[in-house]
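Numbers for residues simply follow the sequence, beginning at 1.
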Amino acid sequence: MKHHSNFLAKGIAFLSILIFSYSTQAQQKASITRVDPTNWWVGMKNQSLQLLVYGPNAGSLAYSIDYPGVKLVETHKVENPNYAFLDLTIAPNTKPGTFTISGRSGNQKLNRKYELKARDQQPKGQGATSADFIYLVLPDRFSNGDPKNDKFKDMADTQADRNNPFLRHGGDIQGILNHLNYIEELGATALWLNPVIENNQPLTDEGGAMRSAYHGYAFTDHYAVDKRFGGNEAYKKLVQAAHAKGMKVVQDAVYNHVGINHWFIKDMPSKDWVHQFPTYTNTSHKFQAIIDPHASKADWTVMMNGWFVPHMPDLNQNNPFMANYLIQHALWTVENFGVDAWRIDTYMYNDDAFMNRCNQELLDEYPNIHIFGESWVNNVIAQSRFTRNNINFPFKSNQPGTLDFVLWTAMNDALNQNFGWDEGVSKVHQVLAQDAVYQDPMKLVTFLDNHDMNRYFSVIGEDFNKYKMGLTWMLTTRGIPSLYYGTEILMKNFKDPSDAEVRKDFPGGFAGDKENKFTAAGRNARENEAFNFVKKLANYRKVTPALHSGKLMQFVPQEGTYVYFRYDDSKTVMVATNSTDKEVDLKTERFTERMNGFTKARNVLSDQNLSNLANIKIPAKTALVLELQK
């Protein structure tokens with residue numbers, strides 16, 4: 001993200017006002033306007049809970065709680081008298097119910113009800129594994145299922161206009177619900193939504209254009225799903241509907257920053273609630289400062305504590321109340337909505353110790369949950385730093401997985417470069433050859449593009465043969481594949497002049513669309529060929545453990561051909577790629593250690609049978625998927 005000077009000055013001045021605004025409220029009568037988390041549950045493994053209590057002079061009250069099994073251990077006051085933080089313990093045998101938070105100041109006494117719920121038996125934190133195939137959706141741009149929630153007069157951004165690429169378009173959770181069958185037909189087993197938490201942000205001047213926060217990465221209330229998406233109940237309904245189809249839901253989490261309109265930024269508990277500098281300081285985005293044993297502290301500080309943009313304050317996770325707030329929200333989200341996995345935005349910009357603690361608390365409560373973060377780096381060593389690894393880094397990450405940006409780069413380069421010693425498909429081979437740095441490379445999430453990138457079909461020059469090759473690699477190599485919405489129907493574009501160009505509306509998801517590409521009848525012949533290609537391979541992958549969870553053996557590419565195998569005790573699948581412009585006659589003698597005993601094969605994509613495996617003809621720019629048979 002880029003910052004712009006005209007908004008920069010406003011952001012700095014705004015923060016100066018925020019920091020000192022609470023000093024003018026000292027004479028107000030005390031009241032409690034909110035308590036976060038909004039509720040909790042009995043029977044959680046971690047018996048500690050810290051309540052954020054907020055309201056005018058809420059910090060001036062003396063608090064007490066009288067409820068069997070609930071103990072108020074300590075009350076914390078902070079710089080801002082509008083806050084109090086209450087440390088509670090909840091005994092294992094505590095009964096669900098409602099207790100009263102009592103606050104007293106002189107003759108004034110306040111009571112606030114707080115609910116402890118019983119945990120239900122709905123599935124939660126099921127995780128995502130290499131057996132899954134994730135479908136990534138940008139909710140505002142996918143489908144508008146309820147036009148009544150497109151815009152609201154009481155929100156900071158009151159606009160919605162599909163003709164403006166920077167404004168909200170009206171896509172919502174109901175629109176996703178309406179098309180779960182489509183996603184299921186494609187072969188996806190998990191649904192990842194860009195953030196659905198409230199982004200009650202005003203339009204911001206970015207590059208001379210007023211832009212909305214339709215992308216979802218500028219939270220303004222952690223405990224509210226944006227009502228323009230349908231609110232909390234719609235999200236619960238989506239998770240339950242996905243689970244009913246055997247699909248999982250991935251939550252997109254943001255710990256590094258929030259929107260400048262967040263209620264706790266407009267009246268901060270303390271000056272160190274966010275990272276601050278004498279003048280506005282943007283992050284350098286230079287990840288080397290984190291992993292470099294020779295790095296200066298100054299470089300590390302700017303990288304880690306600098307802001308992405310002036311309208312997204314950078315949260316200080318070394319503040320213990322901030323850390324508890326974010327971690328408890330993560331636990332609340334899994335328990336309340338039943339999500340299965342956790343994708344973490346801007347992972348490497350977060351405090352290391354905080355992330356390890358947050359990850360561990362999620363894993364302690366939900367042992368099967370999968371966590372994979374976004375660390376946009378350019379080499380395997382750096383990437384391994386942000387997941388469980390086998391390298392002697394001073395700090396050891398406990399994150400189970402990560403997004404595989406290095407393999408993404410290699411696959412796109414392989415499709416756009418001629419074969420060479422270090423070029424073309426050699427790059428894919430070389431990246432996978434370094435998997436020993438990871439404790440479990442199968443937990444990495446692979447992809448060809450996403451909401452922050454040029455679209456895959458455009459990057460490869462709209463070459464349909466390359467399109468199929470790249471998708472074949474992604475769906476047959478190790479890891480958990482992830483597909484960005486619309487890639488299956490050849491949606492294209494570069495980020496020129498902005499990200500909006502790669503976040504177009506899905507055709508057919510909105511009233512008045514001339515074409516409905518959710519249906520075969522609405523797609524043209526080439527789009528149907530693309531959709532059916534993904535569908536066939538993804539659904540084969542779904543029912544073939546050797547392909548999604550088996551071992552991987554690869555062979556050094558030669559003359560533009562790249563061959564690898566996925567196998568277990570029951571099945572062997574051979575993936576043979578010809579990246580050149582001419583058909584090749586692949587002699588298979590050098591693959592004997594994996595092919596020995598097999599005499600024939602079925603081409604998974606064409607359903608043709610091969611009766612002679614000594615030589616395999618591979619058309620130009622083609623990756624064959626062969627199920628070997630005896």
Side-chain angles (χ1 to χ4, degrees), residues 128 130 132-138 141-142 183 186-192 194 250 343 372 374-378 380 383 401-417 424-425 427-432 441-442 444-495 499 501-504 506 526-527 529-538 541 547-548 562 564 575 577 579 605 621-623 625:
S130 60
D132 286 307
F133 174 33
I134 301 171
Y135 189 76
L136 169 59
V137 168
L138 185 61
R141 302 297 163 94
F142 190 63
I183 298 169
L186 186 65
T189 63
L191 181 62
W192 160 19
N194 293 116
V250 180
R343 181 266 184 184
F372 60 97
E374 175 202 32
S375 297
W376 196 327
V377 298
N378 61 15
V380 170
Q383 185 161 277
T402 189
L403 282 157
D404 198 342
F405 280 86
V406 184
L407 186 58
W408 159 72
T409 300
M411 288 192 293
N412 278 280
D413 284 349
L415 294 167
N416 286 321
Q417 296 175 354
V425 287
K427 288 202 169 183
V428 176
H429 174 267
Q430 290 172 3
V431 167
L432 293 172
M442 295 290 277
L444 273 60
V445 174
T446 60
F447 58 98
L448 294 166
D449 62 357
N450 64 29
H451 55 287
D452 290 325
M453 298 171 169
N454 297 325
R455 276 199 173 263
Y456 169 61
F457 194 48
S458 293
V459 169
I460 58 173
E462 301 182 28
D463 185 317
F464 193 61
N465 288 325
K466 290 182 179 180
Y467 169 87
K468 291 189 290 185
M469 272 199 300
L471 278 163
T472 300
W473 298 339
M474 187 185 76
L475 286 166
T476 59
T477 194
R478 62 95 175 113
I480 309 169
S482 172
L483 190 79
Y484 184 39
Y485 81 95
T487 296
E488 74 279 9
I489 57 162
L490 306 179
M491 286 180 69
K492 58 188 180 182
N493 258 343
F494 294 94
K495 296 201 307 178
D499 288 341
E501 300 305 312
V502 299
R503 301 170 179 175
K504 297 282 191 179
F506 193 106
R526 180 49 60 89
E527 289 163 350
E529 188 177 355
F531 179 89
N532 290 331
F533 179 86
V534 176
K535 173 183 173 180
K536 184 154 194 175
L537 188 51
R541 182 184 191 276
L547 190 57
H548 61 61
Y562 172 45
Y564 58 91
V575 180
T577 299
S579 66
L605 294 168
K621 292 192 287 188
T622 297
V625 182

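- When side chains are defined from C-beta on, Phe464 does not count as touching Lys621, because their heavy atoms never get closer than 4.5 Å.
- For Tyr135 and Phe133, the gap between ring centers reaches or exceeds 6.0 Å.
- Shown here for Ala410 and Val428, the closest heavy-atom pair between the two residues is O-CG2, 3.8 Å.
- Judged purely by atom type and a 3.5 angstrom limit, Thr476 uses its side chain to pair as donor or acceptor with the backbone of Thr472.
- Heavy atoms only, all atoms of each residue included: Tyr456 and Asp449 are closest at N-OD2, 2.8 Å.
- Two residues are said to be in side-chain contact when any heavy atoms from C-beta on lie closer than 4.5 Å; Asp404 and Gln383 meet this criterion.
- Side-chain contact between Leu432 and Trp473 is absent, with no heavy atoms from C-beta onward closer than 4.5 Å.
- Taking every heavy atom of both residues into account, Gly479 and Ser130 meet most closely at O-CB, 3.6 Å.
- Inter-residue side-chain proximity for Val502 and Met453 is flagged as unmet; no heavy-atom pair is nearer than 4.5 Å.
- For the pair Phe494 and Glu501, the minimum side-chain heavy-atom distance is 4.5 Å or more.
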Given the rule in the side-chain contact (heavy atoms from CB on, under 4.5 Å) test, do Val431 and Met411 qualify, once you have shown the distances and angles that lead to the verdict? CA-CA 10 Å; Val431 167; Met411 288 192 293; over 6 Å; no
Could you walk me through whether Asn416 and Lys466 pass the side-chain contact (heavy atoms from CB on, under 4.5 Å) test, one step at a time? CA-CA 9 Å; Asn416 286 321; Lys466 290 182 179 180; 3.9 Å; yes
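- When all heavy atoms of Ser482 and Leu136 are compared, the pair lying nearest together is OG-CB, 4.4 Å.
- Centroid-to-centroid, the aromatic rings of Phe405 and Phe447 come within less than 6.0 Å.
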I would like to know whether Val534 and Met474 meet side-chain contact (heavy atoms from CB on, under 4.5 Å); could you show each step before the answer? CA-CA 11 Å; Val534 176; Met474 187 185 76; over 6 Å; no
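- Ring orientation note: the planes of Tyr467 and Phe533 are tilted relative to one another, at an angle of 30° to 60°.
- For Ser458 (side chain) and Asn493 (main-chain N/O), a donor-acceptor pair under 3.5 Å exists by modelled atom type.
- Environment of NZ in Lys495: crowded, with over 12 heavy atoms of neighbouring residues, nucleotides or ligands closer than 6.0 Å.
- Checked by atom type and distance alone, the side chain of Asn454 never pairs as donor or acceptor with a backbone atom of Val459 at under 3.5 Å.
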Under the criterion side-chain contact (heavy atoms from CB on, under 4.5 Å), I'd like the reasoning laid out for Asp452 against Trp376: C-alpha separation, chi angles, the key distance, then a yes or no. CA-CA 11 Å; Asp452 290 325; Trp376 196 327; 4.0 Å; yes
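- In this structure, Ala538 and Leu475 approach most closely via the heavy-atom pair N-CD1, 4.4 Å.
- Judged by distance alone, the side chain of Lys492 and the main-chain N or O of Phe457 form no donor-acceptor pair under 3.5 Å.
- Nearest heavy atoms, Lys504 versus Tyr485: O-OH, 2.6 Å.
- For the pair Asp463 and Lys468, the salt-bridge criterion is not met [side-chain N within less than 4.0 Å of a carboxylate O].
- Looking only at distances, a side-chain donor or acceptor of Arg541 sits under 3.5 Å from a matching main-chain atom of Asp132.
- Counting heavy atoms from C-beta on, the side chains of Phe506 and Ile489 come closer than 4.5 Å.
- At a threshold of 4.5 Å between non-hydrogen side-chain atoms, the residues Leu483 and Leu186 count as touching.
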